[in-house]
Participant: 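Would you mind keeping the following structure in view while I ask a few things?
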Amino acid sequence: MPAALRQGSTAVITGAASGVGFATAKLLREKGLNLALVDIDTTSLQKAKDVLVGVNSSLKTETYALDVSDKAAWADLGKKITATFGDVDLLFLNAGKGFKAAGQQEGGRLKAWEDLDYWNKTLNTNVYGVLNGIATFLPILTSSNSKSPKSIVLTGSKQGITNPPGAANPAYNASKATVKHIAEHLAYDLRSSPETSHISVHLLIPGWTYTGLMGNVGPTKDEEVKKPAGAWYPSQVAEYFDKAFEKNSFYILCPDGETDVPLDQARMRWAADDVIEDRPPLSRWEDSWKAKAEEWIQADAKKRRENH
């Protein structure tokens, strides 16, 4: 087991009240970790705590209500968590949200370029929520007397790599592309210094994940019916993360019930080649390129499966 996930370690998880955040918290609790759960949804946060205490009541479980975009609140959070838990071993920055531009339904995708509030809300949560967490806890991780391995995990998105067009997507895609770049730079900087090389960084890239009505306790029978067949449950993402984390993977690219890893890789390769081949941006969705793109992607994915 990775040292950051050893029994008795402490994990700080944002977006912990539901979805992937809660599923990961439950997996870590089963491994014997103490948990600092952070979320803006206080009602669901308390429900999450109740479930996790029920898994193992001998471990510490504390909740902290926080808007991750609130820079000032993070400093207070860091003090509270270190006062209660001491060292932090795993920082899991998972909170994120998609917003819609005002007038999007009536005005189509161009409305996204007129609504700066839509951009600000998206970037403040998805980018500055991550940066605030790093700025608060990196000094705590680096100043710890314990030099045992520690880890930082950032939740990105495939949309930050393949960049699919859509009326609601520009700000979200940009925010998740930025999270990818942040994770890459942070990983490089930490591994480049002997003083911080014991702190690993990982980018979790979920596939199509059904969070819907799932709340904190996993799928009910009613929700199992509503879940799209191709989507994964958050618990499946958490399990995939766990296996990749054990291998010390940086890019944790999750499949789902509809898209396997070779198909994701082929789509990402095509997107990167837009630059190299001087094609139109987002050529995969361009009418004059769409058929050729799909043919190439399917052929490349097949080749990857055969060589795996």
Participant: So which heavy atom on A73 is nearest to which on L66, and how close?
Facilitator: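 That closest heavy-atom pairing would be CB-CD1, 3.3 Å.
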
Participant: Looking just at side-chain N and O atoms, do S148 and R6 make a donor-acceptor pair shorter than 3.5 Å?
Facilitator: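 Yes, side-chain donor-acceptor contact under 3.5 Å.
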
Participant: L28 and side-chain contact (heavy atoms from CB on, under 4.5 Å): which partner among L52, L59, L35?
Facilitator: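 Answer to the side-chain contact (heavy atoms from CB on, under 4.5 Å) test with L28 among L52, L59, L35: L35.
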
Participant: Using a strict threshold of under 4.0 Å (side-chain N to carboxylate O), is an ion pair present between K111 and E114?
Facilitator: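 Here E114 pairs with K111 in a salt bridge, since their nearest N and O are under 4.0 Å apart.
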
Participant: Is H181 atom NE2 crowded by more than 12 heavy atoms from other residues, nucleotides or ligands, each under 6.0 Å away?
Facilitator: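 Atom NE2 in H181 is packed in, count exceeds 12.
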
Participant: Over 60° means perpendicular and under 30° means parallel, so tell me whether W296 and W270 are parallel, tilted or perpendicular.
Facilitator: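 Geometry flag for W270 against W296: tilted rings.
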
Participant: Looking only at heavy atoms, what is the nearest atom pair of Y210 and P228, with distance?
Facilitator: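 So the two residues come closest at CD1-CD, 3.6 Å.
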
Participant: Do C254 and L204 touch side chain to side chain, with heavy atoms closer than 4.5 Å?
Facilitator: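 SC-SC contact between C254 and L204 confirmed.
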
Participant: Can you confirm whether the side chains of T14 and N94 place a donor and an acceptor under 3.5 Å from each other?
Facilitator: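 Result is no, nothing qualifies.
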
Participant: Look at atom NZ of K303 and say whether more than 12 heavy atoms of other residues, nucleotides or ligands are closer to it than 6.0 Å.
Facilitator: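 Count not over threshold, so no.
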
Participant: For V53, is there any backbone N or O sitting under 3.5 Å from a side-chain donor or acceptor partner on S57?
Facilitator: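 Absent.
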
Participant: Do N124 and S69 have side-chain atoms, one donor and one acceptor, less than 3.5 Å apart?
Facilitator: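 Side-chain D/A pair, N124 to S69: absent.
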
Participant: Mind running side chain to side chain contact (heavy atoms under 4.5 Å, CB included) on I252 and L203 for me, showing each step along the way?
Facilitator: CA-CA 6 Å; I252 303 177; L203 180 67; over 6 Å; no

Participant: Do any N or O atoms from the side chain of W119 and from the backbone of A112 form a donor-acceptor pair under 3.5 angstrom?
Facilitator: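 Yes.
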
Participant: Quick check: closest heavy atoms across S200 and N248, and the distance to 0.1 Å?
Facilitator: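 In this case the closest contact between S200 and N248 is CB-OD1, 4.2 Å.
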
Participant: When you measure from the centre of the six-membered ring of W289, is the NZ or CZ of R284 under 6.0 Å away and within 45° of the axis?
Facilitator: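 Judged by the rule (NZ or CZ under 6.0 Å from the ring centre, within 45° of its axis), R284 is not positioned above W289.
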
Participant: Could you grab the distance from atom NZ of K158 to atom CZ of R267, nearest 0.5 Å is fine?
Facilitator: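 One gets 8.0 Å once the value is rounded to the nearest 0.5 Å.
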
Participant: Using the ring of each side chain (for Trp, its six-membered ring), is F245 parallel, tilted or perpendicular to H202, with breaks at 30° and 60°?
Facilitator: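 Because their plane-to-plane angle lies in the 30° to 60° range, the rings of F245 and H202 count as tilted.
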
Participant: What's the spacing between K121 NZ and L116 CG if we round to 0.5 Å?
Facilitator: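 If we round to the nearest 0.5 Å, K121:NZ and L116:CG are 12.0 Å apart.
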
Participant: Answer yes when E30 and K26 have at least one side-chain N-carboxylate O distance shorter than 4.0 Å, and no when they do not.
Facilitator: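 The answer is yes: the pair qualifies as a salt bridge.
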
Participant: Regarding T259 and D264, do their side chains bring together a donor and an acceptor under 3.5 Å, going by distance alone?
Facilitator: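 Side-chain D/A pair, T259 to D264: absent.
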
Participant: Donor-acceptor pair, E294 side chain versus A291 backbone, under 3.5 Å?
Facilitator: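 No; zero donor-acceptor contacts below 3.5 Å.
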
Participant: Looking at K290 and E286, does any basic side-chain N land under 4.0 Å from a carboxylate oxygen?
Facilitator: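 No salt bridge links K290 with E286.
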
Participant: Checking K60 side chain against T84 main chain: does a donor-acceptor pair fall under 3.5 Å?
Facilitator: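 Present.
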
Participant: May I ask you to check whether over 12 heavy atoms, not counting those of Y128, lie within 6.0 Å of atom OH?
Facilitator: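 Atom OH in Y128 is not packed in, count stays at 12 or less.
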
Participant: Going by atom types only, do S44 and S18 share a side-chain donor-acceptor pair under 3.5 Å?
Facilitator: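 No.
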
Participant: Compare every heavy atom of V20 with every heavy atom of P234, then report the nearest pair and how far apart it is.
Facilitator: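 Reported closest heavy-atom pair: CB-N, 3.7 Å.
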
Participant: Where do T142 and I199 land on the side chain to side chain contact (heavy atoms under 4.5 Å, CB included) test, with the steps shown first?
Facilitator: CA-CA 8 Å; T142 56; I199 305 174; 3.8 Å; yes

Participant: Does the side chain of L90 reach to within under 4.5 Å of the side chain of S9, using non-hydrogen atoms?
Facilitator: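 L90 vs S9: side chains apart.
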
Participant: A side-chain contact here means heavy atoms from C-beta on lying under 4.5 Å apart; do S151 and V201 qualify?
Facilitator: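 Heavy-atom side-chain distance check fails, nothing below 4.5 Å.
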
Participant: Would you say the ring centers of F241 and F92 fall short of 6.0 Å from each other?
Facilitator: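 Close enough - the centres of the two rings lie under 6.0 Å apart.
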
Participant: Report the C-alpha separation of S283 and D274 in whole Å, then their side-chain angles, then the decisive distance to 0.1 Å, and conclude whether the side chain to side chain donor-acceptor pair (under 3.5 Å) test is met.
Facilitator: CA-CA 7 Å; S283 66; D274 276 352; 2.5 Å; yes

Participant: Nearest 0.5 Å, please: how far is CD in Q265 from CG in L253?
Facilitator: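 If we round to the nearest 0.5 Å, L253:CG and Q265:CD are 6.5 Å apart.
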
Participant: To the nearest 0.5 Å, what is the distance between CG (L33) and CZ (F85)?
Facilitator: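 Going from the CG atom of L33 to the CZ atom of F85 covers 10.5 Å.
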
Participant: With rounding to the nearest 0.5 Å, note down the distance linking CG in D39 to NZ in K49.
Facilitator: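 Here the rounded value is 14.5 Å.
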
Participant: To the nearest 0.5 Å, tell me how far L138 CG sits from L190 CG.
Facilitator: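 So the CG of L138 and the CG of L190 are separated by 6.0 Å.
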
Participant: T61 and R29: side-chain donor and acceptor closer than 3.5 Å?
Facilitator: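 The criterion, which ignores hydrogens and geometry beyond distance, is satisfied for R29 and T61.
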
Participant: Thinking salt bridges, do D300 and R269 make one under a 4.0 Å N-O criterion?
Facilitator: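 Looking at R269 together with D300, the answer is no, because their closest N to O distance does not fall below 4.0 Å.
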
Participant: Keeping the roles fixed (side chain from N126, backbone from G96), state whether a donor-acceptor pair exists under 3.5 Å.
Facilitator: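 No; judged by distance alone, with no hydrogens or angles, the pair does not exist.
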
Participant: Checking the side chain of N34 only, and the main-chain atoms of T10 only, is there a donor and an acceptor separated by less than 3.5 Å?
Facilitator: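 Checked: no pair found.
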
Participant: Please tell me whether I140 and I81 are part of a single hydrophobic cluster in this structure, the criterion being side-chain heavy atoms less than 4.5 Å apart.
Facilitator: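 In one cluster: yes.
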
Participant: Is any side-chain heavy atom of I134 less than 4.5 Å from a side-chain heavy atom of I182?
Facilitator: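 Answer yes - side chains close enough.
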
Participant: Using a 6.0 Å cut-off, check whether atom NZ of K71 has over 12 heavy atoms from anything other than its own residue.
Facilitator: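 Atom NZ in K71 is not crowded, with 12 or fewer foreign heavy atoms closer than 6.0 Å.
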
Participant: At their closest point, which heavy atom of G133 faces which heavy atom of L91, and how far apart are they?
Facilitator: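 For G133 versus L91, the nearest heavy atoms are O-CD2, 3.9 Å.
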
Participant: Please report the closest heavy-atom contact between D260 and P255, naming both atoms and the distance.
Facilitator: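 Answer, listing the atom of D260 first, then P255: CA-CB, 4.0 Å.
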
Participant: State, without any angle test, whether E184 and Y251 hold a side-chain donor-acceptor pair at a distance under 3.5 Å.
Facilitator: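 Distance-only check passes for E184 and Y251.
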
Participant: Ignoring hydrogens and geometry beyond distance, is a side-chain donor-acceptor pair present between Q159 and N163 at under 3.5 Å?
Facilitator: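 No, because no side-chain N or O of Q159 sits under 3.5 Å from a partner of the opposite role on N163.
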
Participant: Salt bridge (charged side-chain N to carboxylate O under 4.0 Å, His left out), that's the test. Do K31 and D242 meet it? Break it down for me.
Facilitator: CA-CA 11 Å; K31 288 179 175 289; D242 183 39; 3.3 Å; yes

